[in-house]
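Heads up, the thing below is written out as C-alpha cells.
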Amino acid sequence: MLTIKRVATVVSNYQEEGGEKDNAAVAVEGEAKGCGRNCLGKCCLPASDLPLYTFKGEDCAEESIFYQKPPETSFLLNLLLGQWKNRMNRAERGRHLKKRPTEFRVDQVLQDFDEKKFNFTKVGHEEVLFMFEQSDDCYSHFFPSAPASFKPTSPNVVAINVSPIEYGHILLIPHVLDCLPQRINRMSFFLALSLAKEAADPFFRVGYNSLGTFATINHLHFQAYYLASPFPVEKVPTLRVMTSTSMLRNGVVVSQLLKFPVRSLVFEGRDTLWDLSSAVANSFIRLQHNNIPFNVLIADCGKRVFLFPQCYAEKQARGEVSQELLETQVNPVVWEIGGHIVLKRREDFENALEDYAWRLLAEVSLSEESFREVKA
C-alpha cells in the first residue's frame, strides 16, 4: 500500500519575492550584524556565533564501517530533530506553491554559480540548526555557540528545508561562503556520508539531486530527513557487477538493482567511510563531466549509496512524457525514485496504486543501452 504524510510548507523569510528588501530580520540572539538581516553571506556570517557539531574525520583510524555497532541513541539525530522542530514552531507557514521554481537549464549538469539568483547565503540565521565540522581529536562534540569563522574555507551549515516533505527535512550546505555550484566533489560527498553515519539511524537518509534532475538551487547542497519506514529501493534484490581495480582496492562492491523500474546501481563499503566516499565520488564526478544527470540516496547510516542516473527532465522538455503523468505535477527526484512519492492532488492520492508508481519511475529510467554505457 502507498501511504503519504502531509507536512505544512514553510517559506523562508528571504525566499519570497522582495524578501531581501522587506524582511529586515533580527538576530536570533542579540542585535543584527553586517547587512542587518543576519544572513549567511560574507557580510554577516564571519562575525557571528552559531551552534557547532564536530564529527570524527577521515584522519582517525577506524574499523570497517560494516562492523561498527551503531549507538542505541544518536545525539546528533536527537539534536537535529529537536532543533528542526523548534525552527518549525517559529517559522512562517506558507503553501507548496511558494516553493522556488527551477531556474536552470535541464540539459546541463555542470553550470556556473550565479550570485544574482537565489542561493543559501541569502537565508537568515534563524534557519540554521548548527555548523557541521570535522573534529580535531577523533571524537564527536557539540558546542552551543562557536565562531562561524573558518579560514581558509568557510563553515558547513545544516539548515531547515523551507519546503519540507517529511519530519526533520534539512539541508547540508558545504562551505556555504565559497558559493560552490551544485556539483559533487570528494570532500563534499565525504561530508554527506559523515552526516548519515553520525545520525546512526537507518531511517535517516541523505539525498542529492544534480542539475538536470529538478534541483532548484545551483548552490551545493544535500538534503536529508527522517522517515520511520523502509524505502522500497532498500529492499530490492541486487546483482553484483564487475568493478574496477580501484574500487576493489578500496573495498567497494558495486551491484545493479533488479526488479526495479529505474535502472540503478548501489555501492557498498567494506572498509572505511573515506574509502567508500572517495571511490563513489569518483564515479559521480565522471558522470558530471559526461553531462549525465543523476540522483543519490545514502542509506544504512552511510554503508550503502544508491545511484540513479535519470532522464525525466530531458524527456519532459522533449514532450515525451504522457499528459497523465504531467498533470500529477510530480517531478521525480531522489525521494520519489527511492519510493517515497509525495502526491500533490487529492485525486492522485486516492487513486494511487503500485501501477502508477511503476509507470512514473519507468519514465525516469535510462534505456538499457544508455545504462550499459553508464556502467562502463
Side-chain angles (χ1 to χ4, degrees), residues 55-71 74 76-77 132 134-135 138-140 156 172 174 183-210 222-224 226 230-258 260 262-288 294-309 334 337-338 374-376:
F55 63 92
K56 181 179 178 180
E58 81 274 12
D59 295 330
C60 303
E62 62 175 337
E63 300 175 355
S64 168
I65 59 176
F66 270 84
Y67 297 103
Q68 291 182 338
K69 183 178 180 180
S74 167
L76 174 64
L77 187 59
F132 187 68
Q134 184 173 319
S135 174
C138 294
Y139 292 94
S140 299
N156 308 308
L172 171 64
R183 63 184 68 172
I184 286 180
N185 57 38
R186 293 175 184 84
M187 285 306 302
S188 66
F189 190 66
F190 175 73
L191 192 70
L193 279 180
S194 297
L195 181 65
K197 181 186 175 186
E198 288 286 319
D201 192 312
F203 292 144
F204 183 80
R205 290 92 168 180
V206 180
Y208 175 85
N209 302 311
S210 78
F222 297 82
Q223 301 183 43
Y226 181 87
F231 275 26
V233 74
E234 296 170 351
K235 301 185 291 182
V236 171
T238 60
L239 174 67
R240 183 170 175 175
V241 297
M242 293 186 67
T243 59
S244 67
T245 303
S246 62
M247 286 280 191
L248 293 173
R249 185 170 58 247
N250 287 327
V252 177
V253 174
V254 186
S255 302
Q256 179 176 340
L257 272 60
L258 304 175
F260 194 68
V262 181
R263 295 181 177 91
S264 314
L265 297 174
V266 58
F267 301 80
E268 298 178 79
R270 290 181 174 176
D271 241 331
T272 68
L273 199 69
W274 177 251
D275 289 332
L276 175 62
S277 173
S278 180
V280 176
N282 287 340
S283 297
F284 299 159
I285 291 170
R286 182 163 293 186
L287 289 179
Q288 290 171 163
F294 62 94
N295 309 89
V296 178
L297 179 67
I298 301 173
D300 293 344
C301 306
K303 297 173 186 175
R304 287 201 294 169
V305 180
F306 294 88
L307 167 63
F308 309 119
V334 60
I337 300 173
V374 167
K375 282 199 298 183

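Both backbone and side-chain heavy atoms feed into the values below; hydrogens, waters and symmetry mates do not.
The backbone N or O of A199 sits less than 3.5 Å from a side-chain atom of S74, completing a donor-acceptor pair. Side-chain atoms of D275 do not come within 3.5 Å of backbone N or O of V252 as any donor-acceptor pair. Counting only distance, with no hydrogens or angles, the side chain of S194 and the backbone of F190 share a donor-acceptor pair below 3.5 Å. R304 places no side-chain N or O within donor-acceptor distance of the main-chain N or O of G302, the cut-off being under 3.5 Å. Under a 3.5 Å cut-off, the side chain of Q256 and the backbone N or O of V241 do not form any donor-acceptor pair. Listed for the S135 side chain is no donor-acceptor partner under 3.5 Å among the backbone atoms of S140.
Rounded to the nearest 0.5 Å, atoms CZ (F55) and CD (Q134) are 5.5 Å apart. Note that CG of L172 and CG of L195 are 5.5 Å apart. Values are rounded to the nearest 0.5 Å. Atom CG of L191 is separated from atom CD of E198 by 10.5 Å, given to the nearest 0.5 angstrom. We find the CG-CZ distance between N282 and F189 to be 11.0 Å, quoted to the nearest 0.5 Å. One distance of note links CD1 of I184 with CD1 of I285; it measures 8.5 Å at 0.5 Å rounding. One finds the CZ atom of F222 at 4.0 Å from the OG atom of S188 (value rounded to the nearest 0.5 Å).
Residues L297 and I337 are not in side-chain contact: their nearest non-hydrogen atoms beyond the backbone lie 4.5 Å or more apart. Side-chain contact between V266 and S264 is absent, with no heavy atoms from C-beta onward closer than 4.5 Å. Between F306 and V262 the shortest side-chain heavy-atom distance does not fall below 4.5 Å.
Considering every non-hydrogen atom in both A299 and E234, the closest pair reads CB-OE2, 3.6 Å. Across all non-hydrogen atoms, the minimal contact from C301 to D201 is SG-N, 3.4 Å. Minimum interatomic distance between N156 and P174 (heavy atoms only, all atoms of both residues): OD1-CA, 3.4 Å. Of all the heavy atoms in S277 and R186, the pair that sits closest is OG-O, 3.7 Å. When all heavy atoms of V334 and V296 are compared, the pair lying nearest together is CG2-O, 3.1 Å.
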S210/Q288 under side-chain contact (heavy atoms from CB on, under 4.5 Å): CA gap, chis, key distance, verdict
CA-CA 8 Å; S210 78; Q288 290 171 163; 5.9 Å; no
Working for side-chain contact (heavy atoms from CB on, under 4.5 Å), residues V374 and F294
CA-CA 11 Å; V374 167; F294 62 94; over 6 Å; no
Under the side-chain contact (heavy atoms from CB on, under 4.5 Å) criterion, do K375 and V254 qualify, and how do the steps go?
CA-CA 10 Å; K375 282 199 298 183; V254 186; over 6 Å; no
Should F204 and Y226 be marked as a ring-ring contact (aromatic ring centres under 6.0 Å, His included) after you check the CA-CA gap, both sets of side-chain angles, and the distance that decides it?
CA-CA 4 Å; F204 183 80; Y226 181 87; 7.5 Å; no
